[in-house]
2 protein chains.
Amino acid sequence: MSRPTVNDIAREAGVSLATVDRVLNARPGVREKTIHAVNDAIARLGYIRDMAAANLARSRSYRMAVLLPDGDSQFVQTLADAMQEAAQQAATNRTEMQLVRYPPEDTHALAALLAGLADEGIAGVAVMAPETPVLRDAVRGLRQRAIPVVALVSDLPNAGCDHFIGVDSRAAGRTAGLLMGRFTGNGPRRIAVVAESMLLRDAIERRRGFDEVLLADFPEAEALPTLETHGAPEALAAGLRELLSAGQIGGVYLLGSGHRALTAALGEMGLLGKVVVIGHELTRHSRAALTAGQLHAVIAQNPGHLARSTLRVLRAKADRAPIDEGQEQLRIEIVLHENLPPEPVEPARTSH
Amino acid sequence: MSRPTVNDIAREAGVSLATVDRVLNARPGVREKTIHAVNDAIARLGYIRDMAAANLARSRSYRMAVLLPDGDSQFVQTLADAMQEAAQQAATNRTEMQLVRYPPEDTHALAALLAGLADEGIAGVAVMAPETPVLRDAVRGLRQRAIPVVALVSDLPNAGCDHFIGVDSRAAGRTAGLLMGRFTGNGPRRIAVVAESMLLRDAIERRRGFDEVLLADFPEAEALPTLETHGAPEALAAGLRELLSAGQIGGVYLLGSGHRALTAALGEMGLLGKVVVIGHELTRHSRAALTAGQLHAVIAQNPGHLARSTLRVLRAKADRAPIDEGQEQLRIEIVLHENLPPEPVEPARTSH
DNA sequence: TTGTATGCGTTATCAA
DNA sequence: TTGATAACGCATACAA
């Protein structure tokens, strides 16, 4: 015996194919009693829906839009690549993706982009951006038109998104704090904290988590005020020098990007390998630093997972189908020299 | 425009549907010239085959078998649960799974089971077992009958499997070693290594990796000979006591299962939280110990990922389709108190 | 060597 | 509120 089909259900329930379909897809216009009869038959026969056939018959394809900030962040670039790869895979399931890079800092341009998407018959939108009132409104606008929106990497807690795909930044910061506390040993020590900017919610949350753990579990450690570099390597070097003049440093926590600049600055000061360095996200540079023993731990999220999860969740939302929480749960990964995953094969470069 | 179909190819090439199908599936009975014309059309239109529709038309379904050792290992039980859950998902894609638990230690029973599967029209087999000559032969037998076989959790390097789904045990051991070295600080210290048995390849490999890193990067640390408990909690307590009498212990590395017994023994000796404990796999017990601060790091592989990956790879092998290496690559996860993922919802218990 | 017609399991558009 | 019936993209038995 092969698996029961909708035809079997129809026969068993004494109704037509169309009615079974209506019940299956929770479409209106069926009497309560009929619904019950169909559901009974489904349960009796142990029917399992064939997704492949369903998708085929729908011959509907889903156009998803993914919005990522432009700029030269290695992490975002890696994510963009992963998105393209996931999209290629998803094309098999009638899901296509349109990747859009928007000028960072320009919230209004982003909002305009989002508003524009609403008219293009888009089935879902994923957006990675800091939360602003303008963005919140744009998201609400989309959702009012029944277009699902998911937040990517950075949560938008007050925008009313359908889902958040990423990790809890505060917990990520706590993890960094725990590692820093354990890696720097037992004596008293000062920990430098470096960031390009503290305007981003992620950086703030990470710092908060980091401090929490250090304060509670490693009272002998002292996390210094954040050194903001604003992307200027000289600022970083100068700042570090100043911190050093006030006493020895046991570790450096890099809140965001800037691995290259940090490695350079530490190298100049002859500190490479002498202080514990912990950072976020696995990029070409952090990977190299990890391999070279200049970086001791990376807190990361898997971009491939992030990308596939995004497309799957958007698809589920578009279908109003439930989400497999277990599968979509992103992990806060800890990457050390010894568990560094092999370099992924270089995909075709994203044109933006 | 939507994607080109076989019909479009047929029209473009000026042949019929059936001919296109013949070319597509490399079936005989087509003139060289016609083949060329069809392939030309395919290239011109950028045709991508819809595998889902193809399988639907074939009305093909896949019966996979997954063989797991029986017994009360928490990890295996968790994996079994994850398998059941993944199977439920996969049923939607015409893939069904038959989970078989075999008596551990009994290689011949396992081999007989495998041989039996060959006759049942199974589309693929996944097996978690230590490598033995008998098992190797059984695997070869299956593969001779064109049934793909994948090794699960523990590799079978000489059995000629189609794929290995799991992590490199030696690298996992190295990771444990690195963490142990860093967590136990700078001074000289002795590290106890505990295992239920050193007969399993995994345990040996982990120990090897652990020693490598400790020797190379932490010369002040001394990894003591493995304390084999053979599942007897008393043996563990006695052994630990003996090690203690010879001097202070800085850390304990638990090579395999036995979290509960270890926690109990350490508790009795008043060592809980005073020595660094590192173990493998996230189970109910290790999770609790991690939360309580009695266990400091767990090296784990994600059972959900393992399960889904297994079914996906088996399916791909059955279709002779390529595998998305990036997606199937299992990570050596490091779990600390701060990045412990939320407890998954309890699935229905596996009956075995 | 090639073409026609039908079916796979589901959805969707009609009409009743 | 229900039911025929025609797609969806591909495979295949059978006819030419």
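Proteins get letters first, then strands, A, B, ... in listed order; numbering begins at 1 in each.
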**Message:** Under 4.0 Å from OP1 or OP2 of C/dG9: is there any side-chain N or O of A/Thr5 that close?
**Reply:** no
**Message:** Between P on D/dC8 and OH on A/Tyr62, what's the gap in Å once rounded to a whole number?
**Reply:** 16 Å
**Asked** Is B/Arg31 near enough to C/dT2 that one of its side-chain N or O atoms lies under 4.0 angstrom from OP1 or OP2?
**Response** yes
**Fill in**
Comparing B/Pro28 with B/Ala57, nearest DNA chain C nucleotide closer to 5' gives the residue B/Pro28
**Fill in**
B/Arg60 CZ to C/dG7 P, in whole Å, measures 23 Å
**Request:** Look at A/Arg27 and C/dA12 and indicate whether a side-chain polar atom (N or O) is within less than 4.0 Å of OP1 or OP2.
**Result:** yes
**Message:** With a 3.5 Å cut-off and heavy atoms only, can you find an N or O donor on one side and an acceptor on the other between the side chain of B/Arg94 and the base of C/dG9?
**Reply:** no
**Request:** Rounded to the nearest angstrom, tell me the gap between atom CG in B/Asn55 and atom C1' in C/dT10.
**Result:** 16 Å
**Request:** Tell me whether the OP1 or OP2 atom of C/dT2 has a side-chain N or O from B/Thr34 closer than 4.0 Å.
**Result:** yes
**Message:** Counting the atoms with a prime plus P, OP1 and OP2 as sugar-phosphate, which does A/Asp50 contact under 4.0 Å by heavy atoms, base, sugar-phosphate, or nothing?
**Reply:** sugar-phosphate
**Asked** Taking atom P of C/dA16 as reference, at what distance in whole Å does atom CG of A/Leu17 sit?
**Response** 19 Å
**Complete:** Quick note, B/Ala18 side chain, CB onward, closest among C/dT10, D/dT2, D/dA13 is D/dA13
**Request:** Check whether any side-chain nitrogen or oxygen of A/Arg22 sits under 4.0 Å from OP1 or OP2 of C/dA12, and answer yes or no.
**Result:** no
**Item:** Length of the line joining B/His36:NE2 and C/dT2:P, which is rounded to integer Å
**Value:** 15 Å
**Asked** Is A/Val6 touching bases, backbone alone, or none of the nucleic acid, heavy atoms closer than 4.0 Å?
**Response** base
**Asked** Rounded to whole angstrom units, what separation is found between the CG atom of B/Asp8 and the C1' atom of D/dC8?
**Response** 13 Å
**Message:** Under the side-chain contact (heavy atoms from CB on, under 4.5 Å) test against A/Val23, which residue among A/Ile9, A/Val15, A/Ile35, A/Thr34 passes?
**Reply:** A/Ile35
**Prompt:** With respect to the phosphate group of C/dC8, does any side-chain polar atom (N or O) of B/Ser59 fall under 4.0 Å of OP1 or OP2?
**Reply:** no
**Message:** Is it the case that the side chains of A/Asn302 and A/Arg308 hold a donor-acceptor pair, with the cut-off being a distance below 3.5 Å and no angle test?
**Reply:** no
**Request:** Would you please confirm or rule out a distance under 4.0 Å between OP1 or OP2 of D/dG3 and any side-chain N or O of A/Thr19?
**Result:** yes
**Item:** Any B/Asn25 side-chain N or O less than 4.0 Å from OP1/OP2 of D/dA11
**Value:** yes
**Message:** I need the CD1-C1' distance between B/Ile42 and D/dC10, as an integer number of Å.
**Reply:** 13 Å
**Message:** Considering every strand and a 4.0 Å limit on heavy-atom distances, what is the contact class for B/Val20: base, sugar-phosphate, or nothing?
**Reply:** nothing
**Asked** With respect to A/Thr95, which candidate in A/Gln89, A/Arg63, A/Arg312, A/Arg315 satisfies the side chain to side chain donor-acceptor pair (under 3.5 Å) definition?
**Response** A/Arg315
**Prompt:** B/Ser16 side chain: which of D/dA11, C/dG3, D/dT2 is closest?
**Reply:** C/dG3
**Message:** Under 3.5 Å, is there any donor-acceptor pair linking the side chain of B/Arg58 to the base of C/dG7?
**Reply:** no
**Asked** Any side-chain donor paired with an acceptor under 3.5 Å for B/Asn93 and B/Tyr62?
**Response** no
**B/Asp319 bridged to B/Arg60 by N-O distance under 4.0 Å** = yes
**Message:** Both conditions, 6.0 Å and 45 degrees, for the charged tip of B/Arg3 above the ring of B/Tyr47: are they met here?
**Reply:** no
**Item:** d(CG, A/Asp21; P, C/dA12) in whole Å
**Value:** 7 Å
